[in-house]
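Sequence lines set the chain letters: A, B, ... in the order given, protein chains first and strands last, and positions in each chain run from 1.
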Amino acid sequence: MTPDIDGNEPDEIARLLRERLPRHQAPTRLRASVGEALDPPRRGRPSLWLAPALSALATAMVMLLWLAPALPRSSPDQLQRLSRAVVSEYARAVFADEVNPGAVPASLPRIMRESGVLLQWVFTGDADITLVNAQLAYLEGGRALALTYQDRAGHSVSYIITRAPNVAIPDRERVQIARWRPAVRTEDGFSLIVWKQAGLVCVMVSDLVSDADLGRFKEYFIKVRSSTELSDSY
Amino acid sequence: MADDEFRQQALRHIDALYNLAVYLTRNGSEAEDLVQETYARALRFSHRFEPGTYMRAWMFQILRNTFLTFYRLREREPALSEAGVPDGEDPMFHHAPAEDGETAGAHMDLERALGRIPEEFRTPLLLAEVEGLSLEEVARIMDCPVGTVKSRIFRAKERLRALLTDYGGKN
């Protein structure tokens, strides 16, 4: 149905806009992240006990550094474990040479259902890079959706989306790429770009590792990031 | 203005900002990014906010400028939006579940028509008619004279009317 616009008064349009145009409420996660950004930790007035406490802390840190080599090594963090799993999945896909662009449109609905990741928009490619495969993947025992692209030089780029609520993206690894700040890291000789979107963890992985290639990888990230919309509420 | 007061006031406008962001970007995730970036910039430039002026209009101005800075660049890259993204009829594009019946149809037509109006016309129309801002405030946000705002709103309504009539004719 089309809204009633029989009247010739321009204010009829204003009324339609006010009454019928849906109002979009800010999602809870956006409200929370903005609230967090607006409310940094408060700095109180320095207390009398602050100086001796800092001195004690410094002494403890010196002791810790002295003893550090003898301490047991901690296990890799969640992000590193996820990165390794993503690289394994990427290497498996590259060695298996799984390229089947014709089957992607037909298989994608099933893969989305099985992975629990809903792609509302998907980047299918352009003159530089083409979507060649979509498949279900398993990372750390969890299901993931993996899209594989190939560029004109034959490099493979995998875009893997998974639920990993415990994975935090450290600020020190984040870099500005266009208007996003994903983490850029290397793992076992491969480049990875990691970010969170709609509550899901997204990773792009590639063998584009040299400085020039990394620039190209970031361009691919911009294309994928700006043209893909997803949610975990399949 | 004290920082706390600034933050409290700024957060009150998040729904209005998000709503405008959705109609500018036509994409929920990008709208979220845009609003986050808007708040980051607002906080960075909070010292420039003049107490006593209308914070809502100031925030809308930041949002629009952010949108123009990043999205205008993208609009110059047709490969991203034309070759890269399937159109609405493609089976790979899944619409969010819509409301049922006539209301949903009306909303979709109205939103679709609105999406076809250039940003320079769409934004003043939304700010004035949906958000209820005065023409002077809209002019400040758009960085143009009040007369231009009036003209753009009038033309936006005419264009919207024509588009809605077209959709009605096709149904």
Checklist entry - Quick one: what part of A/Gln197 sits under 4.5 Å from any heavy atom of chain B, side chain, backbone, both or neither? => result side chain
Next on the checklist: Can you tell me which of A/Asp128, A/Thr228, A/Leu17 forms the most heavy-atom pairs within a distance under 4.5 Å of chain B?
Outcome noted: A/Leu17
Checklist entry - Do B/Asp15 and A/Arg23 meet the salt-bridge criterion of a basic N to acidic O distance under 4.0 Å? => result no
Checklist entry - When only pairs under 4.5 Å are counted, which of B/Leu126, B/Leu114, B/Val130, B/Val22 shares the most heavy-atom pairs with chain A? => result B/Val22
Checklist entry - Does the side chain of B/Tyr18 come within less than 4.5 Å of A/Pro27's, by heavy atoms? => result yes
Item to check | Separation between CD1 of A/Ile13 and CZ of B/Arg159, rounded to the nearest 0.5 Å | outcome: 12.0 Å
Next on the checklist: Heavy-atom count check: over 12 atoms from other residues, nucleotides or ligands less than 6.0 Å from B/Arg155 CZ?
Outcome noted: no
Checklist entry - Given the rule in the salt bridge (charged side-chain N to carboxylate O under 4.0 Å, His left out) test, do B/Glu32 and A/Arg29 qualify, once you have shown the distances and angles that lead to the verdict? => result CA-CA 9 Å; B/Glu32 286 186 41; A/Arg29 61 172 175 269; 2.8 Å; yes
Next on the checklist: Is B/Ala16 in contact with chain A via its backbone, its side chain, both, or neither, using a 4.5 Å heavy-atom distance?
Outcome noted: both
Item to check | Electrostatic pair B/Asp33-A/Arg181, nearest N-O below 4.0 angstrom | outcome: no
Checklist outcome for this item: Distance col, row B/Glu129:CD vs A/Leu16:CG, nearest 0.5 angstrom, shows 11.0 Å
Checklist entry - Which answer fits B/Glu131, side chain, backbone, both or neither, if we ask what part of it has an atom under 4.5 Å from a heavy atom of chain A? => result side chain
Item to check | Over all atoms of both residues, closest heavy-atom pair of B/Asn19 and A/His24 | outcome: OD1-N, 2.8 Å
Checklist entry - Which pair of non-hydrogen atoms, one from A/Ala26 and one from B/Ile14, has the smallest distance, and what is that distance? => result CB-CG1, 3.9 Å
